[in-house]
Protein chains: 2
Amino acid sequence: MTTPTTNPDDTRSKILDLAELLWLGRGFNGFSYQHISRELGIKNAAIHYHFPHKEDLGVALVQRYRRRLARYIEAQTGLDAAGKLERFLQLADTYYANDRQICPSGSLSVEFHTLPDALRGEATLFIQDMVDWAVAIVKEGKASGAMHFSGSEEDMAALLCAGLQGALQLARLAPQLLEQSKAALRAQLGLPPGGPVT
Amino acid sequence: MTTPTTNPDDTRSKILDLAELLWLGRGFNGFSYQHISRELGIKNAAIHYHFPHKEDLGVALVQRYRRRLARYIEAQTGLDAAGKLERFLQLADTYYANDRQICPSGSLSVEFHTLPDALRGEATLFIQDMVDWAVAIVKEGKASGAMHFSGSEEDMAALLCAGLQGALQLARLAPQLLEQSKAALRAQLGLPPGGPVT
DNA sequence: GTCTATAACGTGATAGAC
DNA sequence: GTCTATCACGTTATAGAC
């Protein structure tokens with residue numbers, strides 16, 4: 001999930017890789033084609049060849065990310081619910097370790113009102129992916145007896161998504177909030193403090 | 001907490017009021033002096049008179065907001081812990097009802113890496129205010145027996161801040177997530193589903 | 001597929017008149 | 001305290017040569 005996927009030698013992939021870094025570090029409105037062209041040693045127009053409008057780049061970023069997420073989820077088929085939850089929480093750690101990036105859903109939702117139409121559509125699909133994943137984990141956990149909590153699975157899954165997204169953002173200003181929020185989520189799910197391995 | 005405070009007739013206050021709307025609707029990088037001058041029927045230069053740099057406007061916005069929040073918190077002195085929690089959760093509803101705004105901490109943390117220095121400093125102070133408030137509510141709730149949950153008060157308070165911030169953002173793309181997250185927070189705090197009045 | 005060159009525009013910002 | 005006028009710059013985007 002951490003490493004981008006396509007051939008790192010072709011320019012299109014290099015653009016996507018760098019754009020993703022900038023996107024999650026600075027927001028979609030926080031980077032320009034100049035940031036990319038300067039860093040890659042190519043010209044502005046070369047990026048426009050691959051992605052005529054910035055909207056096209058944004059859509060490609062979200063679509064590529066959704067495909068990666070689907071593979072990430074699929075790779076967890078063998079794990080139990082507690083293990084799957086740790087993978088979910090791990091995502092946040094990975095972002096944070098990577099120059100304190102935030103998660104895609106955070107950028108997309110905060111900037112939503114300023115995003116081009118097509119990107120808003122992709123964003124909505126992506127958020128649905130995330131929520132579905134959280135619901136599946138929590139339902140499996142409750143059904144298997146590994147997790148126990150009050151309230152519905154859907155509510156708990158919503159808090160899981162929202163809490164992790166918010167914690168990752170707040171960690172930029174108050175780093176301890178990420179670990180604290182994760183600990184609270186584990187506790188509220190009836191899981192041991194350090195995750196299944198501790 | 002919803003309504004700005006200073007004299008609505010002088011230009012400086014009008015600028016701040018409108019800028020706050022734009023800030024929480026589109027992010028700090030999502031609005032310009034033109035947005036404000038056009039809407040207020042004044043010129044770009046008039047805003048620069050009151051706030052020479054956009055950084056100055058941002059600092060003024062956060063400082064004013066912190067003062068309002070302090071009064072909002074102080075006004076709850078008579079309430080019990082459950083009542084104070086509802087006031088905390090209510091903030092999110094107010095934002096959402098107001099053109100699906102997000103909370104200041106959300107904007108400040110997501111855009112953090114692109115903000116001018118002075119604004120980053122104010123942002124850090126503001127987040128500390130929020131977290132302190134959440135910790136106080138949760139501690140009082142646990143001490144009085146009104147709330148019961150596993151894990152530390154600090155962890156729970158972190159999840160409270162992070163969860164509400166994330167839920168408010170995600171509600172732009174999936175509106176049910178706000179109510180669901182709030183319900184989950186109440187449930188995890190050992191409170192009745194609809195808040196103290198239901 | 002990448003380049004040069006350039007257009008059209010928005011943005012933050014300032015000088016100086018009133 | 002607000003205005004006109006203007007600036008320098010960054011941004012998205014396109015045409016056309018190589």
Is a side-chain donor-acceptor pair under 3.5 Å present for S181(B) with D155(A)? no

Do S37(A) and N44(A) meet the criterion of a side-chain donor-acceptor pair at a distance under 3.5 Å? no

Suppose we screen for side chain to side chain contact (heavy atoms under 4.5 Å, CB included). Which residues come up paired with K142(A), at least two apart in sequence or across chains? F149(A), E153(A)

Donor-acceptor pair between S107(B) and E111(B) side chains, under 3.5 angstrom: yes

Do K54(B) and F28(B) meet the cation-pi criteria used here (NZ or CZ under 6.0 Å from the six-membered ring centre, within 45° of the axis)? yes

Report yes if the distance between the aromatic ring centroids of F31(A) and W23(A) is under 6.0 Å, otherwise no. no

With five pairs defining each end axis, the helix from dG1(C)-dC18(D) to dC18(C)-dG1(D) comes out bent, to 10°, by 10°

Where at least one partner belongs to residues 130-139 of chain B, residue pairs that pass salt bridge (charged side-chain N to carboxylate O under 4.0 Å, His left out), sequence neighbours excluded: K139(B)-E154(B)

Using a 4.0 Å cut-off on heavy atoms, which residues in residues 44-59 of chain B reach DNA chain D? List them by number, or say none. A45(B), A46(B), Y49(B), H50(B)

Contact interval (first through last nucleotide) of DNA chain D with protein chain B, 4.0 Å heavy-atom: dG1(D) to dT4(D)

Answer yes when E20(A) and R68(A) have at least one side-chain N-carboxylate O distance shorter than 4.0 Å, and no when they do not. yes

List the residues meeting side chain to side chain contact (heavy atoms under 4.5 Å, CB included) with E39(B), not counting sequence neighbours, and say none if there are none. L18(B)

Between the main-chain N or O of C103(B) and the side-chain N or O of Q165(B), is there a donor-acceptor pair closer than 3.5 Å? no

